[in-house]
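Structure first, then comments.
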Amino acid sequence: MSGERYNPRESEPKWQKIWDDAKSFVTANDDPRECYYVLEMFPYPSGRIHMGHVRNYSMGDVVARYHRARGKNVLHPMGWDAFGLPAENAAIERKTHPGSWTYQNIEAMKAQLKSMGLSIDWTREIATCSPDYYQHQQSMFIDMLEAGLVTRKSSKVNWDPVDMTVLANEQVIDGKGWRSGAPVEQRELTQWFFKISDFAEDLLEALDTLNDWPEKVRTMQRNWIGKSQGLSFNFTVKDAPQGFETLPVFTTRADTMRGPTFAAIAADHPLSKHLAESNPAIVDFIEACHRIGTAQEAIDTAEKLGFDTGLKVLHPADPSWELPLYIANFVLMDYGTGAIIGCPAHDQRDLDFARKYDLPVLDVFMPLDSDTPVGTEAFVPQKTDKVKYVRWFGEDGAVLTNEEAMAKTLALFEENGWGTAQTQYRLRDWGISRQRYWGCPIPVIHCGVCGTIPVPKKDLPVKLPEDVTFDKPGNALDHHPTWKHVHCHQCGGTARRETDTMDTFVDSSWYFARFTAPHADTPTVPAVANRWLPVDQYIGGVEHAILHLLYSRFFTRAMKATGHVDLSEPFKGLFTQGMVTHETYKSQTGEWVNPTEILIEATGDTRTAKDLKTGAPVTIGSVEKMSKSKKNVVDPDEIVATYGADTARWFMLSDSPPERDVQWTEAGVEGASRFQQRVWRLVNEAIELDQRAAESTATDAKDALALRRVIHRSVDGIGKDIEGLRFNRAVAQIYELTNALTKTLQGQIGPETRAAIMEGAEKLTVLLSPMMPHLAETCWEALGKYGLVADANWPEVDEAMLVDDTVTMPIQVNGKRRAEITVAKGTPAAEVERLVLSMDEIVRILEGKAPKKIVVVPDRIVNVVV
RNA sequence: GCGGGCGUGGUGAAACUGGUAGACACAAGGGACUUAAAAUCCCUCGGCUAACGCUGUACGGGUUCGAUUCCCGUCGCCCGCACCA
């Protein structure tokens with residue numbers, strides 16, 4: 001038996017079928033045991049899984065299988081983020097329906113995931129493009145609309161004039177549509193919004209409670225929400241056009257309120273638009289501002305431009321103080337009120353602007369050691385640095401920090417009714433309207449008499465029509481001949497369906513809740529959802545740090561407000577795993593070459609590569625994230641076919657810490673595959689040994705005890721490492737245990753050691769099972785154990801095996817290790833000191849000198865200072 | 001510019017709350033077995049040195065009996081955000 005190699009190609013499908021037939025991973029909601037919910041971010045059904053998925057799902061599966069072995073009722077579901085643009089693009093290219101393309105992809109990817117041997121409850125599978133799913137989303141949309149959490153308003157969007165659709169910010173590259181390449185226009189469109197900004201403060205504050213989230217993600221969300229505190233006041237506009245007598249402004253720099261020399265408004269400010277109506281020069285200027293676009297580089301290098309409106313505004317604290325009012329290209333309508341007060345001395349943008357238009361620059365404060373006025377560089381110190389105030393609403397020459405001065409000025413303004421303290425957030429409402437077919441229809445109708453009203457719940461779902469064509473650019477839903485024409489359910493008159501669909505981020509904002517009762521005829525079964533949620537461990541890529549995770553946090557709050565769940569935070573633990581990278585290769589002609597087309601040769605420290613077919617030399621390039629364009633991708637199917645799923649999983653978990661990028665190497669996979677065979681051999685040798693008569697009857701209690709100590713330390717350590725998601729360390733400890741067992745097998749073996757080896761082989765099998773589940777089942781079977789290792793309990797740790805009665809302490813002389821001493825555990829410091837000073841080595845090193853001091857940390861270390 | 005993180009052998013990395021730096025793995029080199037290859041097993045493997053030793057965790061300081069770990073400064077890399085008033 002031991003002569004046979006382990007064959008994953010035979011073994012893996014066999015166990016997958018056995019797990020399926022035994023319903024090993026089907027989770028019952030009424031199971032009374034402690035619940036544990038582990039979830040990996042569900043994939044977009046692009047058609048094929050990639051190594052990033054393999055890594056992500058391997059990690060989640062280890063967590064799921066571990067907690068199952070720990071006796072918990074584990075929920076580990078999988079589904080498909082199935083709406084979205086690529087399906088429509090595929091439909092255009094292949095003349096198919098987005099739905100059939102999507103469902104085919106789902107089937108293909110599901111088969112791939114199944115070949116990985118994941119412990120997933122497939123009875124809970126959901127696809128967001130199915131009416132079974134999105135009807136509930138529509139129903140919740142209506143609840144939220146009625147609860148005042150949804151609003152419809154006009155807003156500026158990125159409009160692609162060729163594809164005739166709104167683009168998300170991340171789909172605009174260098175000011176051009178990512179697909180059409182056409183320059184993106186800013187358009188004003190009426191859109192549906194979730195009022196996420198109503199929750200800004202709560203979303204910000206609650207971040208402090210998410211202790212099991214990476215600090216990095218919490219910081220990113222904090223920045224995104226962008227809370228700032230400052231002063232809100234009104235300018236009085238002199239000789240103002242009707243309706244524009246006051247101009248609201250927000251500033252975070254109340255302390256500079258005696259240093260402004262101009263005021264400015266955004267090009268899109270209502271006042272700018274009003275003025276443009278009677279002034280063609282302003283129209284031209286506003287258009288010029290729009291042309292700069294949204295591209296980062298353009299913004300960085302754009303010159304500060306302004307247009308003097310000729311209007312004057314009056315300083316709130318001193319009506320006799322007039323400031324010129326400009327329209328300026330660097331003022332954003334989206335932030336604050338779209339109007340600013342310009343204090344050039346202490347803001348670089350304001351200074352650039354002032355220098356260009358020859359506006360005065362008034363220093364408000366100066367460094368403590370200088371009286372030089374501001375030149376071309378604004379003086380912007382840390383807000384906690386002390387500076388000398390020379391021009392402000394306080395004592396002249398006062399030395400204080402910006403923070404202190406701001407607080408004082410704010411108080412003064414409030415006292416005199418010149419303005420009020422205000423908190424501002426950068427977070428804007430979440431616009432969810434998309435002019436797209438392949439998304440969840442927004443369940444409202446527009447009636448000329450009754451207005452914009454929700455579809456009655458009894459008429460849900462508002463289904464997407466099947467008979468659509470994509471021969472025209474734009475929204476196929478809108479082009480459909482009949483779909484949008486309806487009768488108003490209230491007045492019976494003619495009405496029009498909303499043809500916009502929802503942003504796909506809505507779909508992924510609650511799927512984790514749907515998994516808890518995926519077949520219910522309500523969006524959730526609150527009692528069930530409340531029992532499972534929050535997700536104990538959520539695992540996915542850091543690229544979702546803001547959008548998906550922030551939207552989900554909001555949506556959970558909105559679901560709470562509408563009675564669908566009774567909690568605010570959806571994910572208790574979050575883990576963001578690193579990317580999978582690979583070396584890149586380039587041919588002599590500069591083309592990227594796939595790793596499967598080359599041969600690597602290594603001698604000493606130098607590695608060279610050549611083309612497998614032609615033998616031509618190939619340049620080894622940098623290590624990059626796997627991407628099709630650089631051809632440095634490895635196909636999971638090929639890996640599973642060649643080495644088996646267990647090898648792929650094992651390699652993905654070993655070596656690199658999970659939050660860091662991991663480099664896929666052929667040598668590494670070979671190593672993982674060798675280890676698989678080693679374990680199989682080891683287990684078989686242990687079985688053979690067990691069946692033979694003992695070679696020696698001599699007592700071997702000491703060896704057996706040493707091995708059992710290693711076994712139990714491994715059980716303890718590996719469990720802790722898995723709980724802490726330190727998979728690379730868990731893997732290292734499994735190697736250590738394997739090495740210890742191999743070593744013991746090679747020595748003289750008496751009856752007690754033989755028993756210890758059998759104990760080790762069995763425990764190793766269980767410890768290995770979350771990571772290499774198929775191999776573990778095969779070993780379990782060979783060991784003659786009852787049932788499936790998937791149902792086996794995690795081994796108990798014998799605490800007595802963790803403590804050793806002796807301890808080896810290093811002995812340092814002046815901080816350098818010179819010797820070591822083995823003493824009984826808990827030997828008092830004085831006793832250790834006596835023993836150390838009598839040691840020959842120490843006496844020799846001391847050369848008769850008397851030690852100045854001896855530090856003894858019991859059971860740890862000795863340091864002799866001379 | 002603002003915020004966050006990181007820097008340890010040829011490589012990926014370990015090192016618990018300040019206590020033997022380099023666990024574990026990969027690569028490499030040497031050897032055993034073999035007609036040969038594969039597979040497997042054994043040995044070496046931070047640098048310098050013939051050796052005793054010395055030195056070494058980006059660099060320079062500091063605190064400490066003792067620093068990869070704590071503090072200050074410098075350099076380098078990565079990530080996120082950004083005309084946010």
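Keep in mind that the numbers below use all heavy atoms, side chains included, and drop hydrogens, waters and symmetry copies.
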With sugar-phosphate meaning primed atoms plus P, OP1 and OP2, does [X] contact a base, only sugar-phosphate, or nothing at under 4.0 Å between heavy atoms?
{"X": "A/Gln663", "value": "nothing"}
{"X": "A/Asp347", "value": "nothing"}
{"X": "A/Asp350", "value": "nothing"}
{"X": "A/Ser654", "value": "nothing"}
{"X": "A/Gln746", "value": "sugar-phosphate"}
{"X": "A/Val662", "value": "nothing"}
{"X": "A/Arg253", "value": "sugar-phosphate"}
{"X": "A/Val857", "value": "base"}
{"X": "A/Arg218", "value": "nothing"}
{"X": "A/Asn814", "value": "nothing"}

What is the distance, rounded to the nearest whole Å, between atom [atom1] of [X] and atom [atom2] of [N]?
{"X": "A/Lys356", "N": "B/C83", "atom1": "NZ", "atom2": "P", "result": "20 Å"}
{"X": "A/Ile811", "N": "B/G66", "atom1": "CD1", "atom2": "P", "result": "18 Å"}
{"X": "A/Glu583", "N": "B/U11", "atom1": "CD", "atom2": "P", "result": "13 Å"}
{"X": "A/Leu767", "N": "B/C24", "atom1": "CG", "atom2": "P", "result": "18 Å"}
{"X": "A/Phe727", "N": "B/A14", "atom1": "CZ", "atom2": "P", "result": "14 Å"}

Where the side chain of [X] is defined as all heavy atoms beyond and including C-beta, which of [options] is the nearest nucleotide?
{"X": "A/Lys816", "options": "B/A85, B/U55, B/C83", "value": "B/U55"}
{"X": "A/Ile340", "options": "B/A13, B/C65, B/A85", "value": "B/A85"}
{"X": "A/Asn329", "options": "B/C83, B/U20, B/C24", "value": "B/C83"}
{"X": "A/Ser228", "options": "B/G66, B/A14, B/A85", "value": "B/A85"}
{"X": "A/Arg5", "options": "B/C54, B/A39, B/A13", "value": "B/A39"}
{"X": "A/Arg860", "options": "B/U17, B/A85, B/A25", "value": "B/U17"}
{"X": "A/Trp224", "options": "B/A39, B/C84, B/C81", "value": "B/C81"}
{"X": "A/Val855", "options": "B/A13, B/C65, B/A85", "value": "B/C65"}
{"X": "A/Arg818", "options": "B/C54, B/A21, B/C83", "value": "B/C54"}
{"X": "A/Ile861", "options": "B/C54, B/U20, B/G3", "value": "B/U20"}

[atom1] atoms of [N] and [M], separation to the nearest Å:
{"N": "B/G29", "M": "B/U35", "atom1": "C1'", "value": "26 Å"}
{"N": "B/C26", "M": "B/A58", "atom1": "C1'", "value": "24 Å"}
{"N": "B/C6", "M": "B/A13", "atom1": "P", "value": "13 Å"}
{"N": "B/A28", "M": "B/G80", "atom1": "C1'", "value": "39 Å"}
{"N": "B/C24", "M": "B/U74", "atom1": "P", "value": "40 Å"}
{"N": "B/C43", "M": "B/C75", "atom1": "P", "value": "48 Å"}
{"N": "B/A82", "M": "B/G76", "atom1": "C1'", "value": "24 Å"}
{"N": "B/C16", "M": "B/G61", "atom1": "C1'", "value": "29 Å"}

Both distances below 3.5 Å, Watson-Crick or wobble geometry, any strand: find the nucleotide opposite [N].
{"N": "B/A28", "value": "B/U44"}
{"N": "B/C75", "value": "B/G7"}
{"N": "B/A50", "value": "none"}
{"N": "B/A82", "value": "none"}
{"N": "B/U64", "value": "none"}

A/Glu201 with A/Lys227: basic N within carboxylate O range, under 4.0 Å: yes
Is A/Asp804 salt-bridged to A/Arg709, cutoff N-O under 4.0 Å?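 Looking at A/Asp804 and A/Arg709, the cut-off is met.
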[N] phosphate, OP1 or OP2, under 4.0 Å from [X] side-chain N/O:
{"X": "A/Arg428", "N": "B/C84", "answer": "no"}
{"X": "A/Tyr335", "N": "B/A85", "answer": "yes"}
{"X": "A/Arg349", "N": "B/A85", "answer": "no"}
{"X": "A/Asn223", "N": "B/C2", "answer": "no"}
{"X": "A/Arg726", "N": "B/A13", "answer": "no"}
{"X": "A/Asn739", "N": "B/A25", "answer": "yes"}
{"X": "A/Arg222", "N": "B/G80", "answer": "no"}

Test the A/Arg426-A/Trp224 pair against the cation-pi criterion, namely NZ or CZ under 6.0 angstrom from the six-membered ring centroid and within 45° of the ring axis.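 Here A/Arg426 passes the 6.0 Å and 45° test against A/Trp224.
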Give me the ring orientation class for A/Phe413 and A/Trp418: parallel if the planes are under 30° apart, tilted from 30 to 60°, perpendicular past 60°.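 Judged by the thresholds at 30° and 60°, the geometry between A/Phe413 and A/Trp418 is perpendicular.
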Flag for A/Tyr585-A/Glu583: side-chain donor and acceptor within less than 3.5 Å: yes
Just checking, is any N or O donor in the side chain of A/Arg660 or A/Asn728 under 3.5 Å from an acceptor N or O on the other one? no
Is there, by distance only and without an angle test, a donor paired with an acceptor across the side chain of A/Lys216 and the base of B/C79 below 3.5 Å? no
What about A/Arg426: does its side chain form a donor-acceptor pair under 3.5 Å with the base of B/C81?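 No.
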Quick one: are the ring centres of A/Tyr326 and A/Phe307 less than 6.0 Å apart?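 So the answer is no for these two rings.
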Less than 4.5 Å apart, side chain to side chain, heavy atoms only: is that true for A/Asn402 and A/Phe365? yes
Going by the glycosidic torsion and a 90 degree boundary from 0, is the base of B/G9 oriented syn or anti?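 Syn conformation here, the glycosidic angle of B/G9 being no more than 90° from 0.
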